[in-house]
**Student:** 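Below you will find the structure I want to go over with you.
For this chain, numbers begin at 1 and follow the sequence in order. Basis for what follows: all heavy atoms, side chains included, without hydrogens, waters or symmetry-related copies. Nothing here was measured: the structure is a model prediction, and the numbers come from that model.
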Amino acid sequence: MKIVVLDGYTLNPGDLSWERLGMLGELVVYERTASSKILERTKGAEIILTNKTQLKAEILNQLTSVRYIGVLATGYNVVDIHEAGKLGVVVTNIPAYSTSSVAQLTFALILELCHHVQKFSDSVMEGKWSCSVDFTYRDYPLMELESKTIGIIGFGNIGQKVCNIASAFGMNVIAFDNHEGRTPACNGSRQVSLEDLMKESDIVTVHLPLTPETTGMINKQTLSLMKKTAFFINTSRGAVVVDQDLADALNNDLIAGAGLDVLSVEPPPRNNPLLNAKNVVITPHIAWSTREARERLMNSAVTNVEAYLGGNPVNVVNLV
């Protein structure tokens with residue numbers, strides 16, 4: 001049985017092992033795969049693993065030997081799951097592997113906006129502290145988190161982990177979740193409407209999957225509801241936010257700052273308005289990628305394949 005990994009580099013740049021997966025069949029791992037190479041590289045494969053290489057309907061209909069697609073991520077919008085279902089192809093994802101890592105980077109971004117650690121460090125290395133007439137200086141405003149209100153949009157595993165961390169800081173937690181029937185496991189949080197969350201929060205943080213309903217959810221209208229002193233954080237999916245609208249809000253001082261790990265197009269074109277916006281910290285979609293999280297991802301990916309081969313697939317995201 002042939003197993004093809006289309007874009008293995010981001011998961012495993014060399015510090016992990018494909019050995020366990022290789023024990024399940026004839027394994028071929030590509031670091032990256034252009035769309036024009038998909039058909040050639042998957043010829044004769046029954047199992048495909050992909051992270052960001054898109055498998056849309058026109059491609060799926062030409063993958064005659066494929067019976068299983070494993071998405072090496074939680075979000076699975078890179079695969080047309082409905083078309084795959086029609087073709088009898090099982091599609092799985094890997095939930096919850098990066099919960100702690102994403103929550104951790106969420107607070108790294110929040111704390112950077114509160115304390116400007118990198119800016120202060122840069123100024124010290126440039127000699128400003130050595131030349132100071134006082135024992136300290138404050139070129140940037142500093143903010144304490146205790147008693148501030150954090151609004152969490154999306155209250156799944158990551159959102160609730162963020163809630164627990166925020167509670168440890170002594171923050172008030174409010175949340176909006178559009179998933180019916182979800183039972184929050186974070187004590188002390190309060191469920192509110194999206195409008196009320198945007199109005200009340202000192203920090204708004206987004207933890208949503210990208211769906212037709214969430215695409216562009218954070219836009220000129222919703223941003224206009226925020227306090228001028230508030231921060232906006234996004235470590236979920238870039239297209240949840242309208243980039244230009246957020247840039248305008250920052251540049252016009254409608255909000256105080258933003259911390260982003262994702263943008264609507266990745267890698268971003270140089271003309272993305274957020275790259276030159278005021279008071280924004282941007283990291284290159286790294287929240288998910290601590291070694292610990294990638295190890296969990298790798299192990300879960302292999303377990304998913306093993307379950308499929310055993311006739312009892314798990315983490316299936318489509319009906320076949």
Side-chain angles (χ1 to χ4, degrees), residues 1-81 83-85 87-98 101-102 209-210 237 262 266-267 284-318 320:
M1 177 181 300
K2 186 176 181 181
I3 303 171
V4 174
V5 180
L6 291 173
D7 48 3
Y9 182 80
T10 52
L11 165 58
N12 179 18
D15 57 350
L16 303 178
S17 173
W18 297 104
E19 181 178 2
R20 186 176 155 211
L21 183 62
M23 295 172 64
L24 302 178
E26 177 194 347
L27 176 64
V28 181
V29 179
Y30 296 100
E31 290 191 347
R32 303 167 187 84
T33 296
S35 57
S36 60
K37 294 286 187 179
I38 293 174
L39 296 180
E40 172 190 332
R41 291 183 171 183
T42 58
K43 186 175 181 180
E46 181 177 324
I47 294 174
I48 295 177
L49 300 183
T50 181
N51 188 324
K52 291 294 183 289
T53 303
Q54 297 198 9
L55 299 173
K56 299 305 184 183
E58 59 272 21
I59 294 291
L60 292 173
N61 279 282
Q62 298 178 71
L63 301 178
T64 55
S65 62
V66 174
R67 289 293 172 264
Y68 173 91
I69 297 172
V71 180
L72 298 171
T74 302
Y76 46 86
N77 53 296
V78 296
V79 179
D80 188 327
I81 61 171
E83 190 67 23
L87 296 168
V89 177
V90 173
V91 182
T92 66
N93 75 332
I94 303 176
Y97 75 92
S98 64
S101 293
V102 175
L210 184 62
R237 289 292 182 266
V262 289
E266 299 172 347
H285 204 145
I286 59 170
W288 67 279
S289 63
T290 60
R291 182 186 173 93
E292 294 85 351
R294 290 185 293 108
E295 286 178 338
R296 287 191 292 271
L297 194 160
M298 176 73 82
N299 290 333
S300 295
V302 178
T303 298
N304 282 355
V305 174
E306 290 173 336
Y308 163 74
L309 293 175
N312 295 294
V314 296
N315 297 320
V316 178
V317 296
N318 68 333
V320 297

**Student:** Indicate the atoms forming the closest heavy-atom contact of T42 with S65, along with that distance.
**Tutor:** O-OG, 4.1 Å
**Student:** Measuring only between side-chain heavy atoms, which start at C-beta, is T53 closer than 4.5 Å to Y30?
**Tutor:** no
**Student:** If you look at every heavy atom in N12 and S17, which pair is closest and at what distance?
**Tutor:** ND2-N, 4.0 Å
**Student:** Are L21 and V5 side-chain neighbours, meaning at least one heavy-atom pair lies under 4.5 Å?
**Tutor:**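 A side-chain contact exists here, since the closest heavy-atom pair is under 4.5 Å.
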**Student:** Could you measure the distance from the CG atom of L210 to the CG atom of N77? Nearest 0.5 Å is fine.
**Tutor:**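 Nearest 0.5 Å value for the CG-CG distance: 5.0 Å.
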**Student:** Do you know the tightest heavy-atom contact between A307 and V314?
**Tutor:**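 Shortest heavy-atom contact: CB-CG2, 3.9 Å.
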**Student:** For a quick test of reading the model, state the closest non-hydrogen atom pair linking E58 to Q62 and the distance between them.
**Tutor:** O-NE2, 2.9 Å
**Student:** Under a 4.0 Å N-O cut-off, is there an ion pair linking R291 with E295?
**Tutor:** yes
**Student:** Is there side-chain contact between N315 and N93, with at least one heavy-atom pair below 4.5 Å?
**Tutor:** yes
**Student:** For the backbone of L11 and the side chain of R294, can you confirm whether one donor and one acceptor N or O come within less than 3.5 Å of each other?
**Tutor:**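 Yes, because the side chain of R294 sits within donor-acceptor range (under 3.5 Å) of the backbone of L11.
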**Student:** Looking only at heavy atoms, what is the nearest atom pair of S101 and A287, with distance?
**Tutor:**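 The pair with the smallest heavy-atom distance is CB-O, 3.2 Å.
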**Student:** Taking C-beta and beyond as the side chain, do N299 and Y97 meet within less than 4.5 Å on heavy atoms?
**Tutor:** no
**Student:** Would you please say whether a donor-acceptor pair under 3.5 Å links the side chains of R20 and T303?
**Tutor:**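 T303 and R20 do have a side-chain donor-acceptor pair below 3.5 Å.
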**Student:** Are there more than 12 heavy atoms of other residues, nucleotides or ligands under 6.0 Å from atom NZ of K56?
**Tutor:**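 Yes, enclosed.
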**Student:** Show your reasoning for whether side-chain contact (heavy atoms from CB on, under 4.5 Å) applies to V316 and Y308.
**Tutor:** CA-CA 10 Å; V316 178; Y308 163 74; over 6 Å; no
**Student:** What is the distance from atom CG of N312 to atom CD of E306, rounded to the nearest 0.5 Å?
**Tutor:** 13.0 Å
**Student:** Rounded to the nearest 0.5 Å, how far does CG of L16 lie from CG of L297?
**Tutor:** 9.5 Å
**Student:** To the nearest 0.5 Å, what is the distance between CD (E83) and CG (N61)?
**Tutor:**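 Reported value, rounded in 0.5 Å steps: 4.5 Å.
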**Student:** Crowded around Y76 OH? As in, over 12 foreign heavy atoms under 6.0 Å?
**Tutor:** no
**Student:** For L60 and L87, work out which heavy atoms get closest and say how close.
**Tutor:** O-CD1, 3.6 Å
**Student:** Kindly indicate whether the side chain of T74, heavy atoms from C-beta on, has any atom under 4.5 Å from the side chain of W288.
**Tutor:** no
